[in-house]
Amino acid sequence: MPDKKHFNVVVVGAGPAGANAARHAALGGLSVCLLDRLEAPSHPVRCGEGVGLKGMSLSVAIKPEWILSAIRRVKMISPSGTLVELANIGESYIIDRSIFDSDIVKSAIEAGAEFRNNTNVDAAERLTNGKYACHIGSEKVTADCLVLADGVESRLARDLGWNTRLSPSNMETCAIARVSDPSIAADAIEFHVGNRFAPGGYAWVMPRGEGIANVGLGILGSHSISGGADEFLTAFINHRFPNRTDLTNRNCGGVPVAPWLDPLVRGGVMIVGDAARQVNALNGGGIAYALHAGQLAGEAALLAFVNGKFDETKLSIYQKKWAKGHGKNQRITNDLKNFLITRRDDAFYDRIAESLKKRKALGYLSVFLRTFAGHPVMMWKTMKLFG
Amino acid sequence: MVIVDKSKCDNCGTCVAMCSPAALRLDKAGIAVSEKCVECGACVKICPIGAIRSGIKENHA
């Protein structure tokens, strides 16, 4: 049987955003094709793998088999080394992204989506009949509705009319590795702030279990030099883990830290996930946002097909729902990030760490309120985000 | 045109997002540089592992 060439919906990119969009569109009975350029989507994993229950619960129930460790404490370490420990942090976990991502893809396939891996889309265009074509080598797949979930490296959006170019101050350039070290506690995340380890970003330790963790950092693009992230990571690992027993899985990547892309919909095309900058700009986390956006896009596609006829104007519901949901908080994370980058320095973090180091049962809210003290608008935004 | 060292490049795509004239693209063979490259250097600076270098400097070396 020849491969099917036309679908109601084609989704490019099978990470959490794309796979969840494919799943929701397929659940409603649309013909859906989910494409990924790789053999296994999201491989290698370029992620700390930390998620919060609150953000995730909008879209999925966290499965026990995804969980590597449950987080009870957050250690914030100031530039000069003062430790502030947060115990009141809400339910959060480190999850295995390989298992998690393949489960979301599986759920899309079970819902009826056709999954094609090793499929690189070279270009996308709108045809004169209003449908969309994805060019894959000499082949093409067409669709009434296109979902772009092709990550931070998204190029197809430019083919279809978006200006997706990011400025250096809206991108974190990141390096990541897996470290084995006896000092790693399975229940504690660490955030190391300051220019010494990560200018315009932070270094982090996310435990995958007792004695093993994802370790990484992000540097703001405007503060970066060639190869900077990787060199900073080497320096951080040497400082924090002098007694390490293993260092593997070194990778790098980029995380957009910008307001989400507006518009999210153009004609019959929706854009989701990292490609749409649906990332928490304060901490660089994007899994919960990606799942949520994917679901909203999949549901919007469903609404747009009425009696088999596609009405692209109905896709706007995706942006409306996103803007009212996670989208509102995403904008706040970007405002707070911009303030921190321009108005706070190492000496400031050392001072607040000193003032907070003896406090018990701290939460993110108290720490960030202290960080933005004296700036009512920022404090109000912090309340909205963490309150 | 900038030069991508394929032995170092990790195919993370960070440079593609920064590229102003859309001269970079990530395909199956890795990062491809097209003639639209204006040597602005944004990708060189942003590359997390230093896999991109300026072609101009290369020519003058």
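A note on names: the letters A, B, ... follow the listed sequences, proteins ahead of strands, and every chain is numbered from 1.
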| message | Quick check on B/Ala22 against chain A: is it the side chain, the backbone, both or neither that has a heavy atom closer than 4.5 Å? | response | both
Less than 3.5 Å apart and able to act as donor and acceptor by atom type: which atom pairs between chain A and chain B qualify?
unit_1	atom_1	unit_2	atom_2	d
A/Arg46	NH1	B/Asp10	OD2	2.9
A/Arg46	NH2	B/Asp10	O	3.0
A/Asn118	O	B/Lys28	NZ	2.9
A/Asp122	O	B/Arg25	NH2	2.5
A/Arg155	NH1	B/Ala22	O	3.3
A/Arg155	NH1	B/Leu24	O	2.8
A/Arg158	NH1	B/Cys19	O	2.7
A/Arg158	NH2	B/Val16	O	3.4
A/Arg158	NH2	B/Cys19	O	3.0
A/Arg165	NE	B/Met18	O	3.4
A/Arg165	NE	B/Ser20	OG	3.3
A/Leu166	N	B/Ala17	O	3.0
A/Thr173	OG1	B/Ile46	O	2.9
A/Ser222	O	B/Lys45	NZ	3.3
A/Ser224	O	B/Lys45	NZ	3.1
A/Ser224	OG	B/Lys45	O	2.8
A/Ser226	OG	B/Val44	O	3.4
A/Gly227	N	B/Cys47	O	2.9
A/Asp230	N	B/Pro48	O	3.0
A/Cys252	N	B/Asp10	OD2	2.9
A/Gly253	O	B/Thr14	OG1	3.4
A/Gly254	N	B/Thr14	OG1	2.8

| remark: If you tally heavy-atom pairs under 4.5 Å between each of A/Leu233, A/Val152, A/Ile219 and chain B, the highest tally belongs to A/Val152
| Non-neighbouring partners of A/Asp96 that pass salt bridge (charged side-chain N to carboxylate O under 4.0 Å, His left out), sequence neighbours left out | A/Arg208
| chain A interface, residue from B/Gly41, B/Cys19, B/Cys15 that has the most non-hydrogen pairs under 4.5 Å | B/Cys19
| task | Side chain from CB out, backbone as N, CA, C, O: work out which of these in A/Leu166 comes under 4.5 Å of a heavy atom of chain B, or both, or neither. | result | both
| query | Counting heavy-atom pairs under 4.5 Å to chain A, which of B/Pro48, B/Ala42, B/Ala51, B/Gly50 comes out on top? | reply | B/Pro48
| task | Heavy-atom pairs under 4.5 Å with chain A are the metric here; pick the option from B/Cys47, B/Cys43, B/Cys12 that has the most. | result | B/Cys12
| ring pair (Phe, Tyr, Trp, His ring centres under 6.0 Å) against A/Phe100, all qualifying residues, sequence neighbours excluded | A/Trp66
| message | Which residues pass the ring pair (Phe, Tyr, Trp, His ring centres under 6.0 Å) test with A/Phe241, not counting sequence neighbours? | response | none
